Structures are given as C-alpha cells and as structure tokens.
Number of protein chains: 2
Amino acid sequence: MSEQRRLDFLERYPPPEKRGMPKYARLRAALVSAIEGGYWAPGAKLPTEQELTGATPYSLGTVQRAMRALVEDGIVVRRQGSGSYVATAPRQIDNPWHLRFRTADGRGFLPVSPHVVLRERVEVRGPWSEPLGQEGDNILRVDRRIDVGDEFAVYSRFFVNADRFGSLLYRPLAELDDANFKQILLDEFDLPVTHVSQDVRMAIFPADACEAIDVEDETVGLFLQVVASAGAGDPVYYQELLIPPTERALHVSDLREASET
Amino acid sequence: MSEQRRLDFLERYPPPEKRGMPKYARLRAALVSAIEGGYWAPGAKLPTEQELTGATPYSLGTVQRAMRALVEDGIVVRRQGSGSYVATAPRQIDNPWHLRFRTADGRGFLPVSPHVVLRERVEVRGPWSEPLGQEGDNILRVDRRIDVGDEFAVYSRFFVNADRFGSLLYRPLAELDDANFKQILLDEFDLPVTHVSQDVRMAIFPADACEAIDVEDETVGLFLQVVASAGAGDPVYYQELLIPPTERALHVSDLREASET
DNA sequence: GCCCATTTGTGCGTATGTATG
DNA sequence: GCATACATACGCACAAATGGG
C-alpha cells in the first residue's frame, strides 16, 4: 500500500473555470498554483497518475498532458518507475518585464523596483510599428525607471497597441508601477505571452534617458529590444531597455528550445 | 472528395530508426526534414490527420502529438476546421552556437564562419566547473574565432566535459570549424539540447582575445555566457562569447516561454 | 543476482466538441 | 445545413525504469 499523499489541493487551489478552457489546462493551472503556494515543497513527491485520475475528474491522458506541460515548464521532474516531484530549483514563472540581473553569487536575482515616468500616445513610427500594427497614433508608450537592487537604474520604454489594450490608458500611473503586464494580459485578455524575441547590442544612450537614470550624458551601455508574442505569431508588446555599464549580468533567457526530441 | 495531397514524404525523408525513439518523435523528425528539405513550401497545406493516420503506421494520437510539437516549434500552423500549414516564416531550427546577428533590415541574419584557434584540456576552475562537473583536467576547451559577415569577428570559448564527449578530442581541428555541436550531440550521443541559459554584460576583453579578433587591446564589448542543457537539468556545454562593439544586434532568443496556458 | 509491485512513458482506438468553408 | 478537419477527452494495453525485498 502506498503512502497516502495529499489530494485536497483542488479545494485549496481550485482550477480556473474559464469558459472554454480545456481540462488539461485547468489541472495544470491548479497544480502550478498549489506548487507556487507552497502546498508541495520543492523536491516533494506529487500524487501519482493513478491517484490523480482516481481523486479528480480527470482521465489518465488529461493528467499526463498536464504533467508533461509542467515538465516542459521546468516546474516538475518526472522519473519513470519512481514518481513526479516538484523541481528543486523551480524556474521563476513570472519574470516580470524580462529584467533579471544575477546576484554576485550567480544564483539569485537582484530585486527590481519600477516606477512610471511617462505615459503617452505616439504617432512617430519605429521598430514597434510593424509588429504592433501601428496606424496613426494607436500606440501607447509607457516609460519607466527601474531601480535594480540599490545599485543602478535601467530605463525602459514599453509599447502596446492602444486599440487592443486601451484599458491600460485609464489605469492610475501608480498602479502600473508594479504591474506585471504579462499577468494583466493573461487575466484580463486571456492572452498568454509564450514567445519572446530579444536582440541586444551596445548603444549610446539619449540625453533624456541618461538624466532619468542618473548617468552622465552620452553613456554607452546595453540596449535590449524585446518583442513578446502570444502564440506563434501575435505580437502583443514591444519594449526597449537601456542598461548602463554594470558588473551585473543580465539574464536574457532560461527557456526551452526545440521540444520533444 | 478532398484534393489528393502528397504522402510519399516518408520515402524521401524517412523517419530516423534510432533504437528506443518513440514514434511521435520519429514522425516529427521526418516532417521537420521534409519541410526543411522543401518537400512542402512555406504556407503549403500539410496532409490531414486522417490522411496521416491512414497512409502511415501512426495512430491519430501519435500524429496529433507530433503535430502539436511542430506547432510549439513554430514550424507549423494548425487551424481548426481548415487544416495544418507550413509556417510562412519558419523559425531557424539550428541556430548554431547561439550566435546570430541581425542584418540591417532586421529580417535575416548575417553569415558566420568559424575556425578553431585552440583546443586543450583545462585544469583551472571557472564558471564551467560546477555545471559540467569538473574533476581535475576532465574539461575540454575549444576556442574559435568567428567571422561575422565580413564585418567583424567574435571570440568564442567553448567547454565540455571530456569524459562524456571525449570523441571531440580526436576529431581533426578542421572538422570542428563548421561543426554544429548541437547536431553532434544529437546524432552521436542522442542528447538534444533543449534548454539554454544566457547571461550578458559588458566587459573588458583580455589581450589574447583582442589579438585573435583584430581589435585593439582593452576593448570593451559584450560578454555572453551560455549554459546549454539536455532536458531540464543536464548541462552539456558552457560557452563564452566576446563580441566587440558593433551596430549589429545579437539575437539572443526567439524561444518559447511558458507552455500551453 | 532475480523477482515483483509501482510508476511513468508510449501507443491505439474511439467518441465528442467546435471552428471552417 | 453540411462535410471536413482540428481539439479535447477517455479508456485501455503494454513497455520500460525504479526501488525494495
């Protein structure tokens, strides 16, 4: 007889009931919530497929598809013949704004603290125009100064299509300070950001940015361009990051590449 | 009656017959080969699930799993009620050495041409030691100068565990010039590189690297550190790239993030 | 070394839902 | 309305790895 494992996670972390959301996605979401909420500690053994199919309204195939997705996320490790376990170093699910700097020991990331310095519609065209479908001034730009661990500051320019995501226009600025835009997209627009394209080079920073982040004019630093998309071909935002010279390394990806052998 | 679609791709692009390779992976590999080989043009309609299950030794579930993997790769687009199509801008499958620089128009990538300048065992420890499991001098280092589109050169330091991948030691250097190490890992060791962690910062280049890539001493440029893993927690190589100042943007990722909402 | 229960991995067949044209 | 085609879901069978006795 196998050891009894906790199976009431569905009560504590109920699966979302979004209309049209498939079962495997609901189960996956519930498991993610439970793991992030500490229901199972890192390294803990998860219920077996049998237990999950028995104690939940999900069939074996559905359970397996949800678990496979968690493995691809790096949240769960499965060992044939042994069991499924919470990954010991679960990857950060929400890497807000794609801005993570390594700590000195290389293991963690420095805390970031953003605040909005500008919000406006833009009519000029730029690298954002094509991916976001600019027509006239339907582009919303949000600039932020992002303090990184009391060491330095990064300047961020953020662009979305105002026709699609106009509700951002009417939020108070303070609310945008700490907003995880990915979370907003998922919660309010049901758009999961799944693809990220990032280009990096060195560049001379413009005067306004230098002033905003307290570096001297004409500073040369890292220039990062980000296009985030929902699904394979639906860009939802474009972002530019100006990172002054620092010893800290910017972590640009910890992502899956090709899938399933 | 539906239009007859070409179904002899399995003869022209036979699925690999690796022992223990699951069917869905073989079908996926065959489809990838056929698409990359031009059997179906971008935008072309692929055979339906029915046709595939009927004309191949694969069941519906297997076909669907292979197709879903292709969608996650961005190689195929599926539309319910319509069909499956080759993506019009299929992502580059093999981004050798993670070194791709945008062309001026931002659409393509500059050609790269590497050649080996050094191959040796190393005993000193470094950032590669922990992920690769260094014990004594069991680390193999391969340095290369990589010319990028006749414009500039990048210096690359590459590290693997010699105990695991010792066969690299005995290959002629010329053969390593153009080697796609990912392909070697897949073909000879059955190890698909699926995870890539990349950190970037600015750094002063050491004298030997400056000389090798024809830039002046003490040059400040991009410093990129890469850890590539097979599966969630099996690092297979560590790489450092020294990129001198250039207008060209380095493309650091076009990868999936979270999966299957 | 072997056997055996457990657990995940793969594969097949079927049924049903839903979007497309 | 209708046939087509992808999407989800279920149930079953067997293979393969694990871990303990």
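Naming: A, B, ... by sequence-line order, numbering from 1 per chain. Remember, it's a predicted structure, so these values are computed and weren't measured experimentally. Only this structure's heavy atoms are used, side chains among them; waters, hydrogens and symmetry mates stay out.
Protein atom CE of B:M21 is 15 Å distant from nucleotide atom C1' of C:dG9, rounded to whole Å. In this structure, the CZ atom of B:R26 is 18 Å from the P atom of C:dG9, given to the nearest Å. Computed from coordinates, the B:R68 CZ to C:dG11 P distance equals 13 Å when rounded to whole Å. The nearest whole Å value for the distance from the CE atom in A:M67 to the P atom in C:dG9 is 8 Å. Distance CZ (B:R28) to P (C:dG11): 14 Å, rounded to an integer number of Å. For the pair B:E49 CD and D:dA7 P, the computed distance is 6 Å after rounding to whole Å. As rounded to whole Å, 11 Å separates atom P of D:dC10 from atom CG of A:L27. With rounding to whole Å, A:Q50 atom CD is found 11 Å from D:dC12 atom C1'.
For B:A34, the side chain to side chain contact (heavy atoms under 4.5 Å, CB included) partners are B:F9, B:Y13, B:Y39, B:W40, not counting sequence neighbours. With sequence neighbours left out, B:Y58 forms a ring-ring contact (aromatic ring centres under 6.0 Å, His included) with no residue at all. With sequence neighbours excluded, the residues forming a side-chain hydrogen bond (donor to acceptor under 3.5 Å, both in side chains) with B:D163 are B:N138, listed by chain and number. Scored by the side-chain hydrogen bond (donor to acceptor under 3.5 Å, both in side chains) test, A:S82 finds A:Y85 as partners (sequence neighbours excluded). Scored by the side-chain hydrogen bond (donor to acceptor under 3.5 Å, both in side chains) test, B:Q134 finds B:W128, B:S129 as partners (sequence neighbours excluded). Looking at residues two or more places apart in sequence or on another chain, you find a side-chain hydrogen bond (donor to acceptor under 3.5 Å, both in side chains) between B:E49 and B:Q64, B:R78. Listed by chain and residue number, B:Q225, B:Y238, B:E240 satisfy the side chain to side chain contact (heavy atoms under 4.5 Å, CB included) test with B:P127 (two or more places apart in sequence, or in another chain).
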List, with names and distances, any nitrogen or oxygen atoms from the protein found under 3.5 Å away from nitrogen or oxygen atoms belonging to nucleotides 1-3 of chain D.
none

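Close to D:dT8, at under 4.0 Å from its OP1 or OP2, lies a side-chain N or O of A:R65. At the phosphate of C:dT8, OP1 or OP2 sits under 4.0 Å from a side-chain N or O atom of A:S84. Dashed line: the shortest gap from a side-chain N or O of B:Y24 to OP1 or OP2 of C:dG11 is not under 4.0 Å.
B:K23 places a side-chain N or O within donor-acceptor distance of the main-chain N or O of B:P57, the cut-off being under 3.5 Å.
When every heavy atom of B:P15 is checked against every heavy atom of B:L10, the shortest pair comes out as CD-CD2, 3.7 Å.
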Scoring nucleotides 12-21 of chain C by protein non-hydrogen atoms under 4.0 Å (B base, S sugar-phosphate only, - none) yields B-B--BBBB-

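Comparing atom distances between the B:T48 side chain and each of C:dT7, D:dA9, D:dA5 picks out D:dA5 as nearest.
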